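Worth saying up front: this structure is predicted, and the values here are computed from it rather than measured.
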Amino acid sequence: MSDVKSEYRMIVAEALNKFINEKNAGCDPVNADTVAVQTPPNPEMGDLGIPMFVYAKTLRAAPVQIASEIVRIINETYSKEELSRTGEFLAVGPYVNLKLNKADAGSAILERIAQQKDSYGSLDEDGKKPLEGRRVMIEFSSPNTNKPLHLGHLRNDALGESVSRILKKAGADIYKVDLINNRGVHICKSMLAYKLFHEVNGDTPEKLGMKGDHFVGQCYVEFDKYSKEHPEAGKQAEEMLVKWEEGDSEIRALWQKMNDWTLNGVKETYARTGVTFDKFYLESETYLKGKDEILKGLEKGVFFKANDGSVRIDVTDVVGKGKDEDAHEKVLLRKDGTSVYITQDIGTAISRHDDWQFNQMVYVVASEQNYHFKILFHILKKLGFDWTDKLFHLSYGLVNLPSGRMKSREGTVVDADDLIDSLHEAALAEIKEKGRDAELSDADDVAEKVALAALHYYLLQVNPVKDMLFNPEESLSFNGNTGPYLQYVGARINSILAKAKESGITSDGSNAPLLTQAEEWELIKALGEFPATVAKAAENLDPSIMTAYLYDVSKLFSKFYQQCPIVSAETKELASARLYLAECTLTVMKNAMNLVLVPFLEKM
């Protein structure tokens, strides 16, 4: 499809330039790269369309008239034989549409898929990687070491990992980082609870048969309950933090031990969900960074010292000036000279660019932090860093269960592991109920992959900016717009290929010109759109574009298979062509499923 689009643009641009000359419009020539190609709402109107609205003012003519004249010029310029390679040009209202030559265009699309295999989707219509040369650092997950990952982290992790894979597919160089929030009074609360309730017994996660992050999270809940009866508990935790910052050896040893418990547990969950990182940053090592940069900015006049002695920046350009006269000022150093949270982020951003010189930095953080990132980017720009314009906050909405919002300190949070375990159990029960466990070599492994498909697809099919409810029962459905449905279609194609080959049918790309039936053609066109879909999802940092594409391809394949049998095709040549199309469909589905963290299953 990409080569055809390029030729289509070139032919229409050439005709537009001839029309410009005919009318003596005296304007700049049209560049083929700027010509926008769309998909008509009805296939009978054509397979591709180019709107003429944008040229109406320049050419001083109605879009409908321009479309008619462009088609006239094309037909006068090229012979029928020359145009037959591309297709038939039509003036449909204000559009110059193209009905593609199905045999040639379809063969070219399928040949590209068959040749490129796993790499298909990486090259745009000009044969280039859309994001080649872009170096993208992406930060996501950022867990606290006082509790395990929860449902909110799962959405964050799915977004971060999926966006990373999509960007890489589009040709970007990716560096994934995780900022571990491993210091602060919230960490000390879990530590205090451990000393109160577990230290005397020598409790450890191993001794209690628990994952380390779950055990530390239990301590955090225990502190909350304890503090309700002992108001002094909060102050005790603050005093513990002071000792930590002073380097108290006993406190530091307990802190390190509990941090290790949590991090080891969190990394197990990462491995289970297919999430990886190139580098872990620890807040305990970064929280003091940024102070020197603020002092340098103070000397340069970027910041100012307020009457109370604190160092601030005027952020009126970002937030405006409200009734509260201090609302347009952001404190960067307290009056005692200590750092605030955003000071740390300033230092960390600069250090990261020193570590790995990105030309784009993406922060995957919930929408609750929109204000924080607006201010952070504003400050870095004021400090004069030329890469600041490439900083982007991938803001995503909250995710909850139908039962309501989660609160970790009250123990109502939905732990990531517990949620995946429940999905796993439900998937395994479904497999056994259908009597499929006997036919699968490892039903438990299949159930795990179905659970991950259900989870990730459900979390990614919603545009990131929107809040969402995660419905476990809906996510596991084998019908409709779900991860398990995609796995079912993939496994079905795999089975179709095996049965066709058992029947003595071999795929043959040379017979692809026979694939001109409507259901065949619509599927082929969709497969040809995969590279453009990758580029669009990458540019928008939006995996929901890819999930929607996958669902469309799955539906089109099902429709194709219902109407276009392989084994019982009219001729041996048509059977081989349809088998070839099924193979190419499976290649595209595997490539796309990997981008949205849906494991492929050969058998279900």
Minimal non-hydrogen separation, L597 against H456, with atom names: O-ND1, 3.0 Å
Side-chain donor or acceptor of Q487 paired with backbone N/O of K449 under 3.5 Å: yes
Salt bridge flag under 4.0 Å for residues E76 and R72: yes
Trace of the side chain to side chain contact (heavy atoms under 4.5 Å, CB included) decision for V399 with L469: CA-CA 6 Å; V399 54; L469 288 177; over 6 Å; no
Test item: R578 side-chain N/O and P565 main-chain N/O as donor-acceptor pair under 3.5 Å: yes
Sidechain N-carboxylate O distance under 4.0 Å for E529, K536: no
Note: E522-K525 ion pair, threshold 4.0 Å (strictly below): yes
Atom of L523, atom of L556 and distance for their closest heavy-atom approach: CD1-CB, 4.0 Å
L476 CG to E474 CD distance, which is reported to the nearest 0.5 Å: 11.0 Å
Interatomic distance, L131 atom CG to L167 atom CG [nearest 0.5 angstrom]: 6.0 Å
Aromatic ring pairing F530/Y549, orientation class (parallel under 30°, perpendicular over 60°, tilted between): parallel
Check: L419 main-chain N/O paired with S422 side-chain donor or acceptor under 3.5 Å: yes
Flag, side chain of R134 to backbone of D173, donor-acceptor distance under 3.5 Å: no
Pair D508-S510, side chain to side chain donor-acceptor pair (under 3.5 Å): steps then yes or no: CA-CA 5 Å; D508 189 343; S510 67; 2.6 Å; yes
E519 CD to K559 NZ distance, which is reported to the nearest 0.5 Å: 6.0 Å
Y78 versus E14, side-chain donor and acceptor atoms under 3.5 Å: yes
K590 to Y120 six-membered ring, cation-pi geometry met (6.0 Å, 45°): no
Parallel, tilted or perpendicular: ring planes of F557 versus Y561, cut at 30 and 60 degrees: parallel
Option among T482, N481, T547 that satisfies the side chain to side chain donor-acceptor pair (under 3.5 Å) test with Q461: N481
Exercise: identify the closest heavy-atom pair between S141 and H153: O-CD2, 3.5 Å
OH (Y175) with more than 12 external heavy atoms under 6.0 Å: yes
Heavy-atom neighbours of K168 NZ exceed 12 at 6.0 Å: no
Pairing of D437 and K432 as salt bridge, 4.0 angstrom limit: no
N/O donor-acceptor pair under 3.5 Å between S162 side chain and L159 backbone: no
4.5 Å side-chain heavy-atom contact, M589 and I493: yes
Point-to-point distance, once rounded to the nearest 0.5 Å, from OG of S119 to NZ of K169: 6.0 Å
Worked verdict on Y485 versus Y457 for ring pair (Phe, Tyr, Trp, His ring centres under 6.0 Å): CA-CA 10 Å; Y485 171 70; Y457 190 85; 9.2 Å; no
Rounded distance [0.5 Å steps], CD1 in I11 versus CZ in F89: 4.0 Å
Cationic N near anionic O, under 4.0 Å, K211 to D417: yes
K603 versus E439, closest heavy-atom pair with distance: CD-O, 3.7 Å
Donor-acceptor side-chain pairing of Y396 and N156 below 3.5 angstrom: yes
Pair F19 + Y55: ring centers closer than 6.0 Å: no
E602 atom CD, neighbour heavy-atom count above 12 within 6.0 Å: no
Crowding at CD, E473 (>12 non-hydrogen neighbours, <6.0 Å): no
Main-chain N/O of K99 paired with D47 side-chain donor or acceptor, under 3.5 Å: no
Modelled atom types, side-chain donor and acceptor of S544 and D542, under 3.5 Å: yes
Between Q65 and E69, a side-chain donor and acceptor under 3.5 Å: no
Closest contact, heavy atoms only, V275 versus D157: CG2-CB, 4.0 Å
Short side-chain to backbone donor-acceptor contact, N463 and K466, under 3.5 Å: no
Basic-acidic side-chain contact under 4.0 Å: E448, R272: yes
Y580 side-chain N/O to L110 backbone N/O, donor-acceptor pair under 3.5 Å: yes
Gap between atom CG of L428 and atom CG of D445 - 0.5 Å precision: 11.0 Å
Under 3.5 Å: donor-acceptor pair, side chain of N494, backbone of G490: no
Pairing of E520 and K102 as salt bridge, 4.0 angstrom limit: no
Pair T516-W521, side chain to side chain contact (heavy atoms under 4.5 Å, CB included): steps then yes or no: CA-CA 6 Å; T516 57; W521 177 235; over 6 Å; no
Closest approach of S554 to L486 (non-hydrogen atoms, all atoms of both residues): OG-CD2, 3.0 Å
K176-T276 side chain donor-acceptor pair, cut-off 3.5 Å: yes
Sidechain-backbone polar pair: S503 side chain, I505 backbone, donor-acceptor under 3.5 Å: no
